[in-house]
Amino acid sequence: MKISFSQLALPKSGAIAVTVGHDRALGTFGRDLDQRTGGALSRAMEAARFTGKAEEILNVYAPTGVDAGRIVLVGTGKSGDMTALTAQNAGGAVVAALLASGETELAIAAERPDGAHLGAVEMAAELGFGAKLRSYRFDKYRTKEPKEKKPSLKKVTVLCEDPAASKKAYGALDKLADGVFLTRDLVSEPANIIYPESFAERCQDLKDLGVEVEVLDEKKMKKLGMGALLGVGQGSARPPRLVVMRWNGAPDAADKRPLAFVGKGVTFDTGGISIKPALGMEEMKWDMAGAGAVTGLMAALAGRKAKANVVGVIGLVENMPDGNAQRPGDIVTSMSGQTIEVLNTDAEGRLVLADALWYTAETFNPRFMINLATLTGAIIVSLGNEHAGIFSNSDELADRLTATGKKTGELVWRMPLSPAYDKDIDSEAADMKNIGSPGKAGSIIGAQFLQRFVKDVPWVHIDIAGTAWSKADKGTVPKGATGFGVRLLDRMVAEHYEG
Ligand code: BES
Ligand code: MN
Ligand code: ZN
């Protein structure tokens, strides 16, 4: 979807959308449009009981006095409550209404309500950002979709007071949306298309953005002693990979130690020998969403030329139950030297991350490490699909993420870590086991396990099992792969680690 910016003038063709404030408050452009159409907008709002609540939508079809076949009104709510997210969601709501409407072009008038904290320039840019984010579709395998259901909308123009300034503000957001789309693409692909080697191959595309990409194969990982990660992959015909992506954008005077992001990339999780039930197993194609988010984040940071040094490390394996698969009770030795009794082969993400985190801490001496993983079903029991769970050894990092989550709409909720849980992963036979007691604090146990592999690096584990995929459309996120984490972490880098 192409987003552009232009003066607040009536477009010659295509659909028109107008933002409407609380209590049907129209701006100058809206009032002019209302007059031209003989009061059609006011009357339609009245008739439909449309009041201008955030994301509220009203289609006014075939208005007289203008060329447009329809005018779409979108609410932005009370001006005092209006944030960047409100504007994004308004842009998203309009695109959702028009995406497969038959319209090919759309102009959205960004009318900043009096008293809003959000500036007019930002409002227009954020409307455009939301419009683009919501336009995402993963439909490459649908060859027989009826024409009237296919997206028709190709071009969105945001009409605003200062198009040049808004276009400039939009530049970084456009790159961020590209990063989100890359994540959504990777996560949406089925496991016969995206497996460790093909995922690593896609990472090579980031070289075009100036990212250094290094791929470690099985032999290299063996040499490094990554027995935990390799154990997970050994039951699959697809060999594992570890991909290291580096973006070096820090200016000369800045701290050169990188920020590190680490992702769980289980390209399919059958559970292994501790096999999962058949019902719903297809969802485990998105068990690589952590790795997908790290990859999209690297693309976003490089795309907007972030002024920071960042490393992204993703552990890619397929968890399958063949004759060579690891068995419950197997003991593996991780790169850290710590041994792990694998009591459940379905608790595999922590085994992959154990080696990926240790490798990252040791190789890059990072300022912090943040890992993303669809680690536990238990986090869905705790937080549903509204918040991701975060676990951290650093109050500063946890607080920053929580605050950034509220600004970006990618919400996180801090859960506890405590040595009191350690006894649940003590093993009789090895240094630890990979599960705790059934039904008890499953997400915390997973985090407690990971913590043993982060040395004393400030670290956050984000459990995205409940937020990586959405079964319903919401705001700027169409149903399917959400791209969760990319906006959150891009913003966190921008606010605290650049400059
Ligand atoms: N990938 C799953 C977690 C998951 C579940 C993600 C549902 C998304 C939706 C993970 O590898 C897993 O199987 N975890 C087990 C851990 C258990 C065996 C300790 C789980 O959550 O049941
Ligand atoms: Mn599993
Ligand atoms: Zn898994």
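First listed ligand is number 1; within each ligand, the first listed atom is number 1.
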>> Looking at ligand 1, is there an atom of it that comes within less than 4.0 Å of some heavy atom belonging to Trp286?
In response: yes
> Out of curiosity, is Met288 lining ligand 1, as in a heavy atom under 4.0 Å away?
Replying inline: no
> Quick one: does ligand 1 sit under 4.0 Å from the side chain of Asp269, the backbone, both or neither, non-hydrogen atoms only?
Replying inline: side chain
>> Checking contacts here: is it the side chain or the backbone of Glu283 that comes within 4.0 Å of ligand 1, counting heavy atoms only? Could be both or neither.
In response: neither
> Just going by heavy-atom distances, which of Val266, Ile435, Ile464 is nearest to atom 19 (C) of ligand 1?
Replying inline: Ile435
>> Show the nearest heavy-atom pair for residues Ser394 and Pro458, with the distance to one decimal.
In response: CB-CB, 4.2 Å
> What is the minimum heavy-atom distance between Leu127 and Ala90, and which atoms define it?
Replying inline: CD2-CB, 3.8 Å
Do any nitrogen or oxygen atoms of [X] come within less than 3.5 Å of a nitrogen or oxygen of ligand 1?
X: Lys276; result: yes
X: Thr376; result: no
X: Asp346; result: yes

How far is [atom] from the closest protein heavy atom, and which atom is that?
atom: atom 16 (C) of ligand 1; result: Arg350 NH2, 4.0 Å
atom: atom 10 (C) of ligand 1; result: Leu375 O, 3.3 Å
atom: atom 18 (C) of ligand 1; result: Asn344 ND2, 3.5 Å
atom: atom 17 (C) of ligand 1; result: Ala347 CB, 4.4 Å
atom: atom 7 (C) of ligand 1; result: Met284 CE, 3.8 Å

For ligand 1, which atoms have a heavy atom of [X] less than 4.0 angstrom away?
X: Lys264; answer: 1 (N), 10 (C), 11 (O)
X: Gly377; answer: 3 (C), 4 (C), 5 (C), 20 (C), 21 (O)
X: Glu348; answer: 11 (O)
X: Thr374; answer: 1 (N), 2 (C), 3 (C), 6 (C)

> Is the centre of the Phe368 ring less than 6.0 Å from the centre of the Tyr497 ring?
Replying inline: yes
> For the Zn ion (ligand 3), what is the closest N, O or S atom on Glu348?
Replying inline: OE2
> Does Tyr421 have Lys440 sitting over its ring (NZ/CZ under 6.0 Å from centre, angle to axis within 45°)?
Replying inline: no
Under 4.0 Å between a Lys/Arg side-chain N and an Asp/Glu carboxylate O for [X] and [Y]?
X: Glu386; Y: Lys474; value: yes
X: Lys140; Y: Asp185; value: no
X: Asp205; Y: Arg202; value: no

>> Do Thr295 and Phe199 have side chains that approach each other closer than 4.5 Å (heavy atoms only, starting at C-beta)?
In response: yes
>> Any protein heavy atom at under 4.0 Å, with atom 1 (N) of ligand 1 as the reference point?
In response: yes
>> Test of geometry: compute the angle OE1(Glu348)-the Mn ion (ligand 2)-OD1(Asp346) and round it to 10°.
In response: 120°
Taking atom types as modelled, find out whether [X] and [Y] have a side-chain donor-acceptor pair closer than 3.5 angstrom.
X: Asp174; Y: Tyr170; result: yes
X: Asn319; Y: Thr270; result: no
X: Thr86; Y: Thr76; result: no
X: Gln88; Y: Glu126; result: yes

> Considering only N, O or S atoms, which atom of Asp269 is nearest to the Mn ion (ligand 2)?
Replying inline: OD2
> What distance separates Asp463 CG from His461 NE2, expressed to the nearest 0.5 Å?
Replying inline: 4.5 Å
> Just how far is it from atom CE of Met320 to atom CZ of Phe268, taken to the nearest 0.5 Å?
Replying inline: 7.5 Å
> Has Leu375 got an N, O or S atom lying less than 2.8 Å from the Zn ion (ligand 3)?
Replying inline: no
> So what does the Asp269 OD2 - the Zn ion (ligand 3) - Asp287 OD2 angle come to, to 10°?
Replying inline: 90°
